[in-house]
Amino acid sequence: MKIETICVLGGTGFLGRHLTISLTKQGYQVRILSRHPHRHRDLLSREVDVMETDIHDERQLRERFAGMSAVINLVGILNESGFDGSGFRRIHVELPGTVAAACKAAGVGHLLHMSALKAGESTALSHYLRTKGEGENLIHAAAGADLAVTSFRPSVIFGHGDSFLSRFALLLRFLPVVPLACSEARLAPVYVDDVVAALIGALKDPSSHGQRYDLCGPRVYTLRQIVDYLSNLLQLRRFIISLSPELSQRQARIMNRIPGKPFSMDNYLSLQTDSICPTDHRLPFMITPTPMEAVAPFYIGNHAHRTRYYQLRTIAGRDSST
C-alpha cells in the first residue's frame, strides 16, 4: 500500500485520537498540529509527528501542509469564553477559511472538514450551529480543480473518552437528584469509530469530493431516555427531574456564568434543534451504524470496570479464570 501523509488539526482531541490510531493502522503517516505538543507526547510514534503550530497563522499552516496528501480539520468548540459569538466565529468560520487558503497555497489536494448536523439551518438559534454552517459553506465555496472538499455533519458522537455519555455518567455517580434541562431534545448519537470510518472512506473514494455527509446512529433518543439508560447501566437509583423550557433556560443562564460553562445558553439554544437524520438515512461507504447499547457498557458502568480488570490481569500474565 502506498503510504500517504495526512495532516490533522484537532488531532489531540477525542475524535482526533481515534482517527489517528486508525490512520496509522492503515499505513498513513500522520502529522498533528498543536500549540502545545509537549502535552501530547503519548501520541508520538514512528507514524505520528506532533508539531508546534499556531493554527490561525496561515504562513505556518502553509509550511506544515507542504507535501501533505490531505488535510483534516476537526477543530471545533461547544462554548466560547465570551457571550457575543465572536469565539465561535473565530474557530468555526475564520479558521476554516485560513485552512482552505493554506491548502491551496501548499498544493494539498483534499480537505476534509468536520461540521455539525443541522449546521446553518434557517431555524438554528445558536451561535454554534450558525457558525458551523457558515464555515462549512465557506470551505465548499473554496473548492475547485486544485482542491477537493468533503464535509461531515455528525450528531453527538459517543465512544471511549467522549464528553457526552461520560459526562452524564459522572453527574449520575455524584448527584442523587439530576435536574435535566431540555430533556425532550432528540439526538441520534453516532459511534466515534463509525465517524472515523467515514473520514477514512472519503480519503479513499474520489466520489466523496464535494459531498456533505450527515452522520447519525441507528436510533433516535430523547436526552431523558439517554440519561435513564445510563442510570440503569450504572445500577444507580437517581431522581431525574425533567425541567420545563422556562427552568431549562434559567439553568442555562445561571451556568452560563460559571467558569467552564458546564451548560451554556448557547448549548440550550442548540438543543432546540433536534440532532437527527431522516428515517431513511444511511451512513456513507456502506458503514453499518453501531448502536449505543453495543458500546457504552464497555466504557461506562460495572461492565467497564470488569473489562479493565481482566485487561490488567492479561497484561500481568494471569489467566482471567485464576
Side-chain angles (χ1 to χ4, degrees), residues 9-10 13-16 55-56 73-98 113-139 151-158 162-168 170-171 178-190 195 212 214-216 220-224 226-227 241-277:
L9 288 80
F14 160 58
L15 175 57
I55 61 173
H56 297 279
N73 178 29
L74 304 178
V75 180
I77 57 172
L78 291 174
N79 283 307
E80 61 179 355
S81 57
F83 303 95
D84 61 356
S86 59
F88 286 109
R89 173 164 291 279
R90 182 169 188 260
I91 298 298
H92 296 160
V93 182
E94 295 173 11
L95 176 61
T98 301
H113 177 76
M114 189 57 59
S115 184
L117 195 63
K118 304 299 180 72
E121 288 204 355
S122 58
T123 55
L125 302 174
S126 66
H127 291 302
Y128 172 80
L129 288 175
R130 290 200 301 268
T131 57
K132 274 288 191 179
E134 190 174 344
E136 179 186 325
N137 289 335
L138 189 153
I139 62 127
S151 60
F152 302 84
R153 310 174 69 174
S155 183
V156 62
I157 304 174
F158 71 91
D162 67 26
S163 59
F164 175 54
L165 297 186
S166 298
R167 175 172 292 186
F168 280 110
L170 184 64
L171 288 174
V178 179
L180 186 62
C182 306
S183 62
E184 295 307 307
R186 296 196 297 163
L187 310 164
V190 59
V195 178
R212 308 183 193 217
D214 289 349
L215 304 178
C216 285
V220 173
Y221 311 80
T222 66
L223 186 57
R224 173 64 188 253
I226 292 172
V227 176
I241 303 173
S242 294
L243 300 181
S244 67
E246 293 77 14
L247 289 176
S248 295
Q249 188 171 148
R250 184 175 299 178
Q251 184 189 78
R253 292 189 184 281
I254 292 171
M255 291 188 171
N256 207 43
R257 299 289 176 175
I258 296 175
K261 294 186 179 181
F263 181 60
S264 70
M265 193 61 200
D266 207 75
N267 299 152
Y268 167 81
L269 292 172
S270 288
L271 287 170
Q272 304 313 298
T273 301
D274 286 337
S275 187
I276 61 175
C277 293

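None of the values given here were measured: they were computed from a predicted structure.
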A.B. asks: If we ignore hydrogens and angles and just use 3.5 Å, is the side chain of D266 paired with the main-chain N or O of S270 as donor and acceptor?
C.D. replies: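 Side chain of D266 to backbone of S270, a donor-acceptor pair under 3.5 Å: no, none is there.
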
A.B. asks: Looking at OG of S151 and CD1 of I139, how far apart are the two atoms once the value is rounded to the nearest 0.5 Å?
C.D. replies: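 Answer rounded to 0.5 Å: 5.5 Å.
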
A.B. asks: Does any part of the side chain of S155, heavy atoms only, come nearer than 4.5 Å to the side chain of I276, both counted from C-beta?
C.D. replies: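 No, every pair of side-chain atoms sits at 4.5 Å or beyond.
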
A.B. asks: Counting N and O atoms only, with roles assigned by atom type, does the side chain of S183 sit under 3.5 Å from a partner on the main chain of L223, one being a donor and the other an acceptor?
C.D. replies: no

A.B. asks: So, do Y128 and L269 sit near enough that their side-chain heavy atoms are less than 4.5 Å apart?
C.D. replies: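 SC-SC contact between Y128 and L269 ruled out.
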
A.B. asks: Could you check whether any side-chain heavy atom of T273 comes within less than 4.5 Å of a side-chain heavy atom of L125, counting everything from C-beta outward?
C.D. replies: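 They are not in side-chain contact.
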
A.B. asks: Aromatic rings F88 and H92: how do their planes relate, parallel, tilted or perpendicular, breaks at 30° and 60°?
C.D. replies: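 Rings of F88 and H92: tilted, as their planes differ by 30° to 60°.
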
A.B. asks: Hey, mind stepping through L15 and M114 against side-chain contact (heavy atoms from CB on, under 4.5 Å) and telling me if it holds?
C.D. replies: CA-CA 10 Å; L15 175 57; M114 189 57 59; 3.8 Å; yes

A.B. asks: Once you round to the nearest 0.5 Å, how far does CG of L243 lie from CD of Q249?
C.D. replies: 12.0 Å

A.B. asks: For N256, what residues pass the side chain to side chain donor-acceptor pair (under 3.5 Å) criterion, not counting sequence neighbours?
C.D. replies: none

A.B. asks: Using modelled atom types and a 3.5 Å cut-off, is there a donor and acceptor pairing between side-chain atoms of K118 and backbone atoms of A124?
C.D. replies: no

A.B. asks: Treating N267 as the side-chain partner and L78 as the backbone partner, does any N or O pair qualify as donor plus acceptor under 3.5 Å?
C.D. replies: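 Between the backbone of L78 and the side chain of N267 there is a qualifying donor-acceptor contact (under 3.5 Å).
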
A.B. asks: Can we say E134 and R89 salt-bridge, meaning some charged N sits less than 4.0 Å from an Asp/Glu carboxylate O?
C.D. replies: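 Salt bridge between E134 and R89, a charged N being under 4.0 Å from a carboxylate O: yes.
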
A.B. asks: Checking side-chain contact (heavy atoms from CB on, under 4.5 Å) for the pair F263/L271: CA distance, chi angles, key distance, verdict?
C.D. replies: CA-CA 11 Å; F263 181 60; L271 287 170; 3.9 Å; yes

A.B. asks: Taking the side chain as everything from C-beta on, heavy atoms only, tell me whether V178 gets closer than 4.5 Å to I241.
C.D. replies: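 SC-SC contact between V178 and I241 ruled out.
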
A.B. asks: With a 4.5 Å limit on heavy-atom distance, are the side chains of F152 and S115 in contact?
C.D. replies: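 When only atoms from C-beta onward are counted, S115 and F152 do not touch, as no gap falls below 4.5 Å.
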
A.B. asks: Excluding sequence neighbours, so at least two apart, what forms side chain to side chain donor-acceptor pair (under 3.5 Å) with N73?
C.D. replies: H113

A.B. asks: Between E184 and R224, is there a salt bridge with N-O shorter than 4.0 Å?
C.D. replies: no

A.B. asks: Run the side-chain contact (heavy atoms from CB on, under 4.5 Å) test on Y221 and R186 for me, step by step, so that the C-alpha distance in whole Å, both residues' side-chain angles and the decisive distance to 0.1 Å come before the verdict.
C.D. replies: CA-CA 6 Å; Y221 311 80; R186 296 196 297 163; over 6 Å; no

A.B. asks: Under the rule for side chain to side chain donor-acceptor pair (under 3.5 Å), what residues qualify as partners of S163, not counting sequence neighbours?
C.D. replies: none

A.B. asks: Could you tell me whether the side chain of I226 reaches within less than 4.5 Å of the side chain of F168, counting heavy atoms only?
C.D. replies: no

A.B. asks: Is the shortest heavy-atom distance from the side chain of I157 to the side chain of P189 under 4.5 Å?
C.D. replies: no

A.B. asks: Roughly how far, to the nearest 0.5 Å, is the SG atom of C277 from the CG atom of D214?
C.D. replies: 4.5 Å

A.B. asks: In the structure I gave you, are the side-chain heavy atoms of L215 and R153 within less than 4.5 Å of one another anywhere?
C.D. replies: no

A.B. asks: Thinking salt bridges, do K261 and E80 make one under a 4.0 Å N-O criterion?
C.D. replies: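 Not counted as a salt bridge, because no side-chain N and carboxylate O are separated by less than 4.0 Å.
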
A.B. asks: Check whether Q251 reaches the backbone of P179 with its side chain - one donor and one acceptor, N or O, closer than 3.5 Å.
C.D. replies: yes

